[in-house]
Amino acid sequence: EAVLTGRIDVAVLVATDGDFAPVADKVRKAGGHTVLLGFHLPNRHPRPLLLSPQLTDAVDLLLPVSEWLEAAGTAREQCKHLFHARNQAA
């Protein structure tokens, strides 16, 4: 309904199953766009996305965010190490 009334242009979905595909279809039919944040299955190689094909086909853009989260964790650890080393030197 928010798309129909012009309150939003883009809906961001954080979901994995095809139950949300009709939501993406409805947003598109109303003139909006959908972005799906996708996550990889942990501890699997290759790391497949944990997503329904019906859902990925229904959205406008798929963003696999697992790498971003892992990079953020790595950056966070590097910052902790840097500040710990800085405090030790002081």
Verdict with reasoning, Thr34 to Leu61, per side-chain contact (heavy atoms from CB on, under 4.5 Å) | CA-CA 7 Å; Thr34 53; Leu61 179 63; over 6 Å; no
Name the one of Leu51, Leu13, Val23 that satisfies side-chain contact (heavy atoms from CB on, under 4.5 Å) with Val59?
->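 Of all the options given, the one that passes is Leu13.
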Are His33 and Val27 side-chain neighbours, meaning at least one heavy-atom pair lies under 4.5 Å?
->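 No, their side chains stay 4.5 Å or more apart.
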Can you find a pair of side-chain heavy atoms, one from Leu55 and one from Thr16, that are under 4.5 Å apart?
->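 Counting from C-beta outward, Leu55 and Thr16 never come under 4.5 Å.
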Apply salt bridge (charged side-chain N to carboxylate O under 4.0 Å, His left out) to Asp57 and list each qualifying residue two or more places apart in sequence or on a separate chain.
->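 Salt bridge (charged side-chain N to carboxylate O under 4.0 Å, His left out) list for Asp57, sorted by chain: empty.
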Steps toward side-chain contact (heavy atoms from CB on, under 4.5 Å) verdict (Asp60, Val35) = CA-CA 6 Å; Asp60 296 304; Val35 176; over 6 Å; no
Which atom names give the shortest non-hydrogen contact between Gln54 and Gly18, and what distance separates them?
->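 Reported closest heavy-atom pair: CB-CA, 4.4 Å.
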If you take all heavy atoms of Ala58 and Asp25, which pair is closest and at what distance?
->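 Looking at all heavy atoms of both residues, the closest pair is CB-OD1, 3.7 Å.
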Keeping to residues at least two apart or across chains, list the salt bridge (Lys or Arg N to Asp or Glu O under 4.0 Å) pairs with something in residues 10-23.
->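 Every pair satisfying salt bridge (Lys or Arg N to Asp or Glu O under 4.0 Å) with a residue in residues 10-23: there are none.
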